[in-house]
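One structure is given below, encoded as structure tokens.
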Amino acid sequence: MTDTDTAEIGMGVTVTKTGETGAFGGELLTINFGPHHPSTHGVLRLIVDLDGEQVKRLKPVIGYLHTGIEKQMEALRWQQGVTVTDRHDYLSPPINNLAYALAVEKLMGVDVPPRANALRVIMSELTRLSSHLVWMGTSGLELGAMSMLMYCFRERDTILDMNEEISGYRMHTSYIRPGGVMADATPRFLDLLEKFIVAMPGHVDEYEDLLTMNPIWRSRTIGIGRLSAEDAKVLGASGPMLRGSGVAWDLRKQMPYSGYEGYEFEVATSDMCDCYGRYLVRIKEMRESVKILRQALDRLPDGPVNVDDRKMLPPPREELETSMEAVIHHFKLFTEGYSVPPGDVYVAVESGRGENGCYVVSDGTHKPRRVKFRAASFVNLQPLERMAMNHMVADMVAIIGTADTVLGDVDR
Amino acid sequence: MGQNILTTSLGKLIGWGRGNSVWPAQFGLACCAIEMIATATAGVDIARFGSEAFRASPRQSDLMIVSGRVSQKMAPILRTIYDQMPEPKWVISMGACASTGGVFNNYALLQGVDKIVPVDVYIPGCPPRPEDLLNALMILQERIKAQGITPRQ
Amino acid sequence: MISENLIVDRGVSAGDNWITIAAESAHEALSSLKEEGYRLLVFLTCVDHLADSSREWPSRYELVYQLRNMDSLEQLRVRAFVDGDPPHVDSVSDLFPPGNWDERETYDMFGIVFENHPDLTRILMPDDWVGHPLRRDYPVGGEVVEFSEEHETWQTAPDKA
């Protein structure tokens, strides 16, 4: 092969002739797609063999955002690790916190109070909404519906304002912590939430007006990236990828956590098995999330938001001035941290993009021995070759888009 | 080129033009990229400062916003993209991870993007608010306007 | 059904059922568990027990396979202890397709060699990376933080930092 067989054609794409002959008599071309191509949702790199414009082979290359989060967790104390969990799936930080917090609590045998559980559900559902909004905005942008980005980010900003109100941080809230939540909800937060719940169904209608019957959107997504129910199960897909193939599997229903068994909602599924099916699932999920928010807000119980365990959480500020014991507890917690009994546990929660699990191993010290994140995007990316096979290269953008992989989650 | 009345006046004009039409490369890495997208949307609207044209090709862009953590695997690619940008070019290091490695002090990440490319403006925050990015852009604009015809000499 | 002689040990950890199998029989045991209905491999990973004095460990590396039966909602954790440099174990990517990338990640991070894997290459780290980062004897890395204790030793003896 000579140098002239390889050419860079811009936008992070290089083309190489393979010398093989395709079905149409032409030569197979290898193109390198990424890792900074704008439609790959981050830094995904794909090596694609094309026959004409049809995808014949596809190999994802990942690791361009490998952050060493699992190693970093081993160097941090149990309560410090929460801040790092935020940052692997950066579109759903509170859900990552929740998986880690539930795992640590399960190892310690701690149950959080009902108000903390309700606040956790509220934050999880808000996050699911904001994650779906980012997905819809960016996917719409890629497939030619630019105004979707503007509409979706408008609502996302109201959610981030609520995050800021309750935790002081827009994106990486670290709000859900082992033993409860960071702080109680403020009255202004509940006000904003009430307004949001009233307004959101109308906004979802707005998105549906723009996309559901939009001929361009439909022709770009219907029949593209088919994944049968059997394939989806075998390949381990989860979340909207699995439900978009008609499998009613939702961890909030199947293996409830944080009191999800007490809320009434439907599991969104679609039998279309294609990109459009996954879009319908996400739209339905947004409506169901609003329903859960409504129930959670109406039934928000009173009471503490943290476990009453001085060995795990610091004492309240006013106790520090009167009680020597409280000062000792405070000192121990912030110099050494708490230790977790030896053992291992796996907890899975449903995030916006599937099963987000956390496997924690403790050796009885104040730092974890091993923390493994079961990333939904990591598994959901593997069927990409099967879905993109024999599709046009332009449809690959739709398929990557609706798989909704977050590269931070893939590479961790 | 020496400084005289003609070149300083021309320099002002060119600086004004360059400063108000900074085209960033569309180069999202991690969490900060989402806030970078938010900067381009209607709420904050980076178009007010002439920078709404996020170019997918580095050959057409003047500004690289390093939005997020840079891994050891990504570093050579980031440098390639920087080299592909035509002069004059500027770099904003957005967020704690790009500036210093942030909360991740480990084997996998580059501890600050200034190890491989020269950075003009650093933004603190994890991730910074969209307003922070706008502020950085305005600081950069002032700097570009002051640089005249031949920046980086 | 998985025959009892494949199971070395069994128990419950924080509510999760687990069994231990011999690493040599990993493929056989997991294929009979798949027959039994555990058709989903949720994740596969490894734990490095180097210098862990809290419990007795048969060997340094523990492979963890988390299995799930999606019909009965049962979960089972399968452990296999391996040793050696590098440790070897049979690949299960032919039984469970998601295992393919998980095994590549485990190879990348712990240096465990999966026999009969179709493409056992590094997945997260660059191809020319030396070492396996998640092993406990691999340093966390990064830079020395100024004004920390490590920084003082680093200032006096840069070679020993």
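Sequence lines set the chain letters: A, B, ... in the order given, protein chains first and strands last, and positions in each chain run from 1. Computed from a predicted model, the values in this text were never measured in an experiment.
Ranked by heavy-atom pairs shorter than 4.5 Å toward chain B, the options Arg87(A), Arg156(A), Met150(A) are led by Arg87(A). Per-residue counts of heavy-atom pairs under 4.5 Å with chain A were compared for Val103(B), Ile77(B), Ile34(B); the largest is that of Ile34(B). Most heavy-atom pairs under 4.5 Å with chain B, from the set Gln72(A), Arg154(A), Lys71(A): that is Gln72(A). With chain A as partner, the option from Cys126(B), Gly43(B), Gly28(B) having the largest number of non-hydrogen pairs under 4.5 angstrom is Cys126(B). Heavy-atom pairs under 4.5 Å with chain B were tallied for Thr67(A), Leu149(A), Thr138(A); the largest tally goes to Thr67(A).
Between Arg45(A) and Lys73(B) the shortest side-chain heavy-atom distance does not fall below 4.5 Å.
Closest approach of Tyr64(A) to Ser71(B), counting heavy atoms only: O-OG, 2.8 Å. When all heavy atoms are compared, the tightest approach of Ala108(B) to Gly68(A) is CB-N, 3.7 Å. Nearest heavy atoms, His88(A) versus Arg69(B): O-NH2, 4.2 Å.
When heavy atoms are compared at a cutoff of 4.5 Å, Tyr107(B) approaches chain A solely by way of its side chain, counted from C-beta outward. If you measure heavy-atom distances from Tyr169(A) to chain B, the contacts under 4.5 Å come from the side chain alone. Heavy atoms of Leu29(B) lying under 4.5 Å from chain A belong to its backbone as well as its side chain. Heavy atoms closer than 4.5 Å to chain A are found in both the backbone and the side chain of Ala42(B). With a 4.5 angstrom heavy-atom cutoff, Leu91(A) touches chain B only via side-chain atoms. Neither the backbone nor the side chain of Ala25(B) comes within less than 4.5 Å of any heavy atom of chain A. Contact of Ile81(B) with chain A is made through the side chain alone, with heavy-atom distances under 4.5 Å.
We find the CD1-CG distance between Ile37(B) and Leu141(A) to be 8.0 Å, quoted to the nearest 0.5 Å. Between the CE atom in Met171(A) and the CZ atom in Arg129(B) there is a gap of 12.5 Å [rounded to 0.5 Å]. To the nearest 0.5 Å, the span separating CE on Met74(B) from CG on Asp411(A) amounts to 10.5 Å. Here CG of Asn106(B) is found 7.5 Å from NE2 of His66(A). Values are rounded to the nearest 0.5 Å.
Annotation for Arg188(A): atom CZ does not count as buried by contact number, only 12 or fewer foreign heavy atoms lying within 6.0 Å.
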